[in-house]
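Taking it in order: structure first as structure tokens, then the write-up.
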Amino acid sequence: MGIVVAIDGPSGAGKSSTAKSIAIRAGWNYLDTGALYRALAWLAIENKIADPKDLLRAMKAQPLSFNSDPSDPKIFAGGVDITREIRSAEVTERVSEVSAHPEVRTALLDVQSKIIATARKGIIVEGRDIGTVVVPDAPLKIFLTADLGARARRRDQELNNDSLDVSLLQQVEKSLEQRDSADSTRATSPLAMAADAIVIDSTQLDLEETSDRIWELLKERKLLGLPIVALLGRPNVGKSTLINRFLGRREAIVEDTPGVTRDRVKYECTWNGQDFMVMDTGGWEAKPDGISIGVSLNAELAMQEADVLLFVIDAQVGALDEDDVLVRDLRKMKKPIILVANKVDGEREETQAHTLWNLGLGEPYFVSALHGRGSGDLLDHITSVLPEVGGAQVQDGYRRVALIGRPNVGKSSLLNILAGQNRALVDDVAGTTRDPIDELIDLGGSTWRFIDTAGIRRRANQQSGTDYYATLRTQAALERAEVAVVVLDAAEPISEQDLRIITMVEEAGKALIIVMNKWDLVDEDRQITLDREVDRHLDQVEWAQRVNLAAKTGWHRDRLAPALRTALASWERRVPTSKLNSFLGTLIAATPPPVRGGKQPKILYATQAGISPPRFVIFTTGFLESSYRRFIERRLREEFGFPGTPVQVAVRVRERE
């Protein structure tokens, strides 16, 4: 499911026109929930239905569907187009009666949810109760309103009244006033604004101005998809070095060895105030073998995903015969193609590189990614051909999940089985993944942003080269995640490195789920041994949830979503101060803190200082032993839960007055 924008507001505020305008501009889908209610009213009239149960049966016999193309939205009942029929006066009179039945509203909510879920890029949903009932988790909610006079004039124009008739306008205004009164007092679901909605009063605005205001909000929150620029070419032509030049920092892993980059990895870039994504890809080969097959396939998938294609060639080597195969594939994409001649350090190399005109891709751009020569002109040209909206979402409101673990424990296989496609490169060679890979995945009825990371071999300061930078990127991915899924190989003994990774997650304060992968390889003897290892090694994180699954087959993957929800709910849980201190008073009365230095510290009170993870501060008159702090933490968990999240307990010592 893509981005959802919810537009609520009273009748005549311009929701429909505004929503369609934005959807067309963004290339997104559009849903008019009011049309669905009108379709229900049409069903009731057509089948002479009065009983809600009969109407539900009619919905099954003639299921409602909606064509979400904003340029030509249509509503169907049983496959029959009823777009014009639902605008009749008879339908208008019946809508309020039909929508008053809670069971009918519930059934229609299910229809709306399914339509919204089919939108891959984004959808603008407009009507009543959108931000409060239909999509309460929408990352952007708009409450569009206007004064009664402006709304009446707009509704009069919708009814094709070209000439201004004062009496008709007064009738429309009176009708809207009655509708407002009914909306505000209806028992089922009175028209209400979501608490986090942004109010836009369009009384003095035309359609274009109203749409522009919402468009700016989409840009501010980075909800519009950023254009994607993919760098493609043979191995070791300098794609990753060029990306680092674009970013102004060493982000993409670079080594003299060919084939360092393997997966397609995106980085956010800004040039002259314009944001876009650059996608690094592995070296493409015409006749790949071994791991190169997966690398080349990823490069081909990048061509399909990107909005602009950069074909990078090592100017010192020149074009090879196999480049002609890639050129043919690039042309099939029907997208802007920019030919980049890299490693052009001076005029002599530039003269030699003019032979690249023979590829038939137009004028080559001469750059030196290592020294920066020509990179500014190249970026100017890239931004000039970028579309306004692309396919890369940055801030989309989805919960962020990092897959972390040692090399070859099955993190990428898990990502692929959850995504339903080969998103990450998988090979028997340990350490195949080297850069974090983001992917939006629908799991358990929700959309999550999963981040596959490189396997952590040992401490970062003991590594060198590719492994060192890969580990740093894994740590950065953990920092921006909310919950970490630490993947262990259930068929192998729990190692010191596994425990070090779990400790890293705990110290980062992230929610934690431990996945025992490759469960299909665990026999009865190994299971007994594993239970002993868990009791001996994982007692420090006994609060972490465990999920046993097999990534290659997908066995028990459905258990991951409930564990994620539980862990995140605990991670963000807040305990009321009154309950916290009542619990603490009972605890201290039963088990006072131990005496230290001949004095027994007195616990004054406690407060929860924060969430994500839960942090508690206990104010005392003396030092509390670490064992007693652990005792308090353990009893906090017993009383209030917190499965799946670390809990931090700090002590503040205050002198007696």
Side-chain angles (χ1 to χ4, degrees), residues 1-10 12-34 68-73 115-116 119-128 130-131 134-146 150-151 154 157-158 193-194 196-229 266 268-277 307-308 336 382-398 440 447:
M1 186 175 69
I3 298 296
V4 181
V5 177
I7 302 183
D8 286 282
K15 301 187 298 295
S16 179
S17 300
T18 303
K20 283 187 281 190
S21 171
I22 297 168
I24 291 171
R25 186 174 178 182
W28 288 357
N29 292 0
Y30 160 74
L31 174 59
D32 176 6
T33 59
S68 299
D69 181 357
S71 302
D72 188 25
I115 295 171
I116 292 168
R120 297 306 303 170
K121 291 184 178 179
I123 187 168
I124 312 292
V125 187
E126 59 95 355
R128 290 178 178 79
I130 305 303
V134 181
V135 278
D137 297 328
L140 178 61
K141 302 173 189 174
I142 304 294
F143 193 85
L144 189 61
T145 186
R151 288 160 50 205
R154 291 168 185 167
Q157 290 172 357
E158 287 178 10
M193 182 179 71
D196 53 347
I198 297 173
V199 180
I200 296 180
D201 189 334
S202 65
T203 303
Q204 303 298 326
L205 303 176
D206 60 22
L207 174 60
E208 184 178 355
E209 291 169 330
T210 305
S211 300
D212 283 345
R213 288 203 178 182
I214 298 175
W215 192 263
E216 287 304 315
L217 289 170
L218 287 167
K219 290 176 66 176
E220 285 175 13
R221 301 192 178 196
K222 295 189 175 181
L223 295 175
L224 290 170
L226 295 182
I228 301 173
V229 179
K266 302 187 190 83
E268 190 173 352
C269 183
T270 301
W271 182 256
N272 287 339
Q274 189 164 354
D275 296 327
F276 58 97
M277 303 293 288
D307 300 291
V308 177
I382 291 171
T383 54
S384 70
V385 300
L386 289 177
E388 188 174 23
V389 179
Q393 299 293 348
V394 182
Q395 300 295 335
D396 44 27
Y398 298 121
L440 287 178
T447 304

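Because the structure is predicted, anything quoted here is derived from the model rather than measured.
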Kindly indicate whether the side chain of [X], heavy atoms from C-beta on, has any atom under 4.5 Å from the side chain of [Y].
X: Leu386; Y: Val229; answer: yes
X: Glu216; Y: Lys219; answer: yes
X: Trp28; Y: Leu224; answer: yes
X: Ile124; Y: Ile214; answer: no
X: Leu217; Y: Leu223; answer: no
X: Thr33; Y: Val125; answer: yes
X: Asp206; Y: Glu208; answer: yes

Residue pair [X] / [Y]: nearest heavy atoms and the distance that separates them:
X: Gly131; Y: Ala194; answer: O-CB, 3.9 Å
X: Glu209; Y: Leu205; answer: OE1-CA, 3.3 Å
X: Ala146; Y: Thr203; answer: CA-OG1, 3.3 Å
X: Glu126; Y: Ala19; answer: CG-CB, 3.8 Å
X: Ile200; Y: Arg213; answer: CD1-CB, 4.3 Å
X: Lys20; Y: Pro73; answer: CD-CG, 4.1 Å

Q) For Thr145, which residues count as a side chain to side chain contact (heavy atoms under 4.5 Å, CB included) partner, sequence neighbours excluded? A)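 Here the qualifying residues are Pro10, Phe143, Val199, Asp201.
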
Q | Results of side chain to side chain contact (heavy atoms under 4.5 Å, CB included) for Asp307 - residues two or more places apart only | A |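 Counting only residues at least two positions away or on another chain, Asp307 forms a side chain to side chain contact (heavy atoms under 4.5 Å, CB included) with Pro227, Ile228, Pro387.
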
Q: Could you verify whether a donor N or O on one side chain and an acceptor N or O on the other, from Ser16 and Tyr30, lie under 3.5 Å apart?
A: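 Yes, Tyr30 and Ser16 have a side-chain donor paired with an acceptor closer than 3.5 Å.
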
Could you tell me the separation between the [atom1] atom of [X] and the [atom2] atom of [Y], rounded to the nearest 0.5 Å?
X: Thr210; Y: Gln204; atom1: OG1; atom2: CD; answer: 11.0 Å
X: Leu144; Y: Met193; atom1: CG; atom2: CE; answer: 12.5 Å
X: Ile130; Y: Leu31; atom1: CD1; atom2: CG; answer: 7.0 Å
X: Ser202; Y: Ile142; atom1: OG; atom2: CD1; answer: 11.5 Å
X: Ile198; Y: Ile7; atom1: CD1; atom2: CD1; answer: 11.5 Å
X: Ile22; Y: Leu218; atom1: CD1; atom2: CG; answer: 6.5 Å

